[in-house]
Every structure is written in C-alpha cells, then in structure tokens.
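Residue numbering restarts at 1 for every chain, and letters A, B, ... go by the order of the sequence lines.
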Amino acid sequence: MNRMSWQAVAERYRRWREDNSRNSDLIVQLWEEVLCAKVDKLGDEKWMVLEQVAVAALDLHKMTVAEDCLVMLSKQFPGSQRVRKLKALRLEALERYEDANDVYDAILRKDETNTVVRKRKIAILKSLGKTSEAIRELVEYLKKFMSDTEAWMELSDLYISEQDYAKAAYCMEELLLHNPHHHLYFQKYADIKYTQGGFDNVEVARSYYSRAVKLSSANNMRALYGLLLCCSQIANSPKAQAQKKKENTKIGQWAAQCISDKYREASGSEDNQPVEQLLGALTLS
Amino acid sequence: MSEVEFSTRAYCKVILHAAKYPHEAVNGILVSKAKDLEGSNDVVFVDAIPLFHMALGLTPMTEVALEQIESYCSSNGLKITGYYQANEHYKNTNPNFVANRICEKISERFGQVHLAMVDNRRLSLDMASSAIVMKNRDKASVALESDSTCVAASCLLQNRAYRLLVDFDNHLDNVSADWRNPELNQEIDAVL
C-alpha cells in the first residue's frame, strides 16, 4: 500500500469519487500512509480529497483524522453550507442526532432543494431504527425528487427489510422506467418476484432474468442462476402444460450450460463438482 | 442446556465477515463434522461459510448457495449445523425475519440448526471474549476453541485480513473467487 505513488493514490480517489463507492477503510489507510504528506501537491483537487477523507474517517469513527480535515476545510471555505453539512455528519458519527438534525434543518431553511441534506435526515431515522418513519419520509422525498435513482434503490431495500415485496418491486419498476437497459435492475426485480413466490411471480421473474442475461451478454451470474431456478420450478410445476415444460427445460439447460462454462473458464477444469451437483439438483427430470 | 463451540477458523471468519462490511448486515452458514454429531447434543462449528452482504431478504441466491454448500458438505464429511448473522444496526442482536426464515428452511432439510448472532458492540481490535450470542430456544452457551481464539481474531482484524475474505456475493460477482476461502484459512492457521 505505502509503495503507491501519491499520483496513483489521487487517481484512485478520483475514481472512487466518480463511482460514489464506499471504501472508507482503504481511503483512510492510503491517506495516512501516502497522500496526507503530499496533499498540497494536489492543487484545487485538495479540497475534494479532504472532503472525501473526512467522510471516510467519520465512517470509521476516526474522529481526529476527520476533525483535522474539517479544520482545513472550514478555514478555506468559511460559512460554506457544504462544510456545515460535514460538521453535521460529524455530529451523526458522535450519535448526537438531535444536534445534527438542527444543523440540517438550518441548511434546508436556506436551501429547500438540498437533496443530500434531506437524505441525511432520512439516514438518521434509519440509524435510530425508525424504519417505518424513514420509509414515510423517503416516499415524500421521492414525490418531489422522482428521478433520484439512489433514493428509489434505498426505498426498495427498506421495503425488502419490512417484507413488503410488492412495494419493493414497485420501486424497481420506477428504476426500470428510468433505466430500461440496466441489467442489474432487471435482475433485482426478478429476485424480488421470485422471493414473492407462486407460479405467476416465478414466470415474471423468469422473463426479467432472461432480459438481464441478454443485456449483460450472459455475464450476470445471478441472472443466469435465477433463470435456471425459475425454469426448474416452472418445468416441474403441475400448473405447466407440456409445451411450457419443454420450453423451460430447454432454456434451463442452456442456462446451466452457460454457468458451467463460466466455472470452467474461471477455474480450469477441476473443481467443477459442486457446480455439476448443484445443476443436477436444480435441473429437471 | 447444550453447549456450542466455535473453532478458531469458524469464529474468525464470522468476525472478519462482519468487519469487512461494517455498514451492512451479513450472514453465513456454520458447519460441523458429520461424524462428531452422532449421539451428542453438543456441537462444534469447524468452519463458517460467509454468504451475503447485500439483499439478505431475497431468496433466490440463498437457495443457490445452500445447494452448493450442501454439495460441498456431503463431499467433505461435513453437515450444516448453524446460521450466523450480524445486523446492520450496531446495537441490535435480535434475529429478524431473514434469520428465522433461513433457519426454518435449513432445519426442514438438515435437521436442527443453531442461530448465532454477532454482538457488534463487542467487536474491537482487542477482543477478550466472544462477540457471538446464540439465540435458539435453549440459548446455548458459546465456547471458543482455545484461549488464543480471541487473540487470533483481534490479530487478523488488525492486519486487515478481512480483505482476503470471499463471501457468496463476492463469488457471484466473480466466479474465480472461492467461497471456501482456502487462502484465508491458511492466514488464520498461520496466526495461531
């Protein structure tokens, strides 16, 4: 880790900012080992990096690292709402949720459209275990900001945690409307339908898994497995007529072959035993 | 009241799984040697198989994982005897509907299954006692393989060994990642 050049680290940070991925442990480790000493070489990027490190440090409860970054940011941007939001995030990390909410409310009074702060307030409800309230607030939020993909995904997950699969599926439908070519959304929708169970839902799941497989050029393992599971169930179901059984057996075998090929590619030829047995168990008479 | 024992390997993998995804709920399966189970109420978990850190409440991939694990177990003289879960919320050690449903499903196929919950509050870089609580009806007490089990777990956490851990989600993202964790097993053995 500490053999990486500061430029390489800065590049990684850039990518993580773009992906919005949560790699707090790595971010803080690279900061401490490499970037901290070289931060002044970053030019304007310095401030975004400090913000990124502050958030990561708060995630890890490394308060001193976070506070050092916050001091530098406050000095550079006095009176900034963005820095204020980070200070509120620090209060959240200290579990001072009421104080954090006060700061967020103050920020919202100045700017109603600050979606990040609105979502932090919902995150606080989640931290407090108030899932139903979080859901309620998130539904209200989505009425105003209906193309917020991250929020629809979060709402779907909250509904899943409450076993409200129908509403979780609805959220995925919204995401599919916004992103009709995203194989992960098709796959997750199928996962939810499969979980709901019953012949009709499994048939729907099958068609969405198929779409996911197609859109991902058969690279989405979950979609391939899902397709195999659905085909097995449908082919073995008393509700399916001969034609349907035949069709599903064929597609199931195709999916099984794809899966088998992927394993073979990945691990050479040995060690396919678990896969063969799994496929055997899942497939069809 | 029965007793439940975690081998160092099983215990460390549970802890490392929770540590790898501190902001998510994680779950997994615990296995024992089939021959050790005959005629005894006590159970020793010899290994842990990390399952998921995403969408624990959805069933299809759980079914796939259980099939593969069952297959692995029958070929290696093992049996599925437990399920573990670490909740998303720091202070919550209560099993939710996911834990209960999965345990029910496993019990239907493999017989009685123990339910282990991780107490997140007891995880640290310097653990002195077990961070696992059993939540079955008879609330079995938890024993660890040896006095050095906690030390081993703490050491692995300090060395960030959780980066080596592969769960079933990781495997589905990249099939060359092995959920049996041979590399991590070696790391754990080396630390002892």
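Neither the backbone nor the side chain of B:Tyr21 comes within less than 4.5 Å of any heavy atom in chain A. For a residue to count as touching a neighbouring chain, one of its non-hydrogen atoms must lie under 4.5 Å from one of that chain's; by this rule A:Tyr159 does not touch chain B. In this structure, no portion of B:Glu70 lies under 4.5 Å from any heavy atom of chain A. Interface remark: A:Ser127 contributes backbone atoms only to the contact with chain B (heavy atom separation under 4.5 Å). Neither the backbone nor the side chain of A:Asn220 has a heavy atom closer than 4.5 Å to any heavy atom of chain B.
Without hydrogens or angle criteria, B:His89 side chain to A:Lys126 main chain gives a donor-acceptor distance under 3.5 Å.
The neighbour count for A:Tyr97 OH, taken as heavy atoms of other residues, nucleotides or ligands under 6.0 Å away, is above 12.
Checked by atom type, the side-chain pair B:Gln68/A:Tyr225 shows a donor-acceptor distance below 3.5 Å.
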Show, in sequence, the C-alpha distance, side-chain angles and deciding distance for A:Arg222 and B:Asp169, and conclude whether the side-chain contact (heavy atoms from CB on, under 4.5 Å) test is met. CA-CA 9 Å; A:Arg222 291 179 179 82; B:Asp169 265 328; 2.8 Å; yes
Trace of the side-chain contact (heavy atoms from CB on, under 4.5 Å) decision for A:Glu265 with B:Val175: CA-CA 9 Å; A:Glu265 248 174 67; B:Val175 284; over 6 Å; no
With side-chain contact (heavy atoms from CB on, under 4.5 Å) as the test, would you mind laying out the steps for B:Met54 and A:Asp157 before giving the verdict? CA-CA 9 Å; B:Met54 292 190 296; A:Asp157 286 339; over 6 Å; no
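Residues of residues 187-202 of chain A that come closer than 4.5 Å to chain B, counting heavy atoms only, are A:Lys188, A:Asp191, A:Ile192, A:Tyr194, A:Thr195, ordered by residue number.
Taking all atoms of both residues into account, the shortest heavy-atom contact from A:Tyr209 to B:Pro60 is OH-CG, 3.4 Å. A pairwise comparison of heavy atoms in B:Leu172 and A:Met221 identifies O-CB, 3.4 Å as the closest pair.
Taking chain A as the reference chain and counting heavy-atom pairs below 4.5 Å, the highest number among B:Asn174, B:Asp173, B:Asn96, B:Ile69 is found for B:Asp173. With respect to chain A, the highest number of heavy-atom pairs below 4.5 Å among B:Lys91, B:Glu88, B:Arg160 belongs to B:Arg160.
Applying the salt bridge (charged side-chain N to carboxylate O under 4.0 Å, His left out) definition to pairs two or more places apart or across chains, those involving residues 11-26 of chain B are B:Lys13-B:Asp47.
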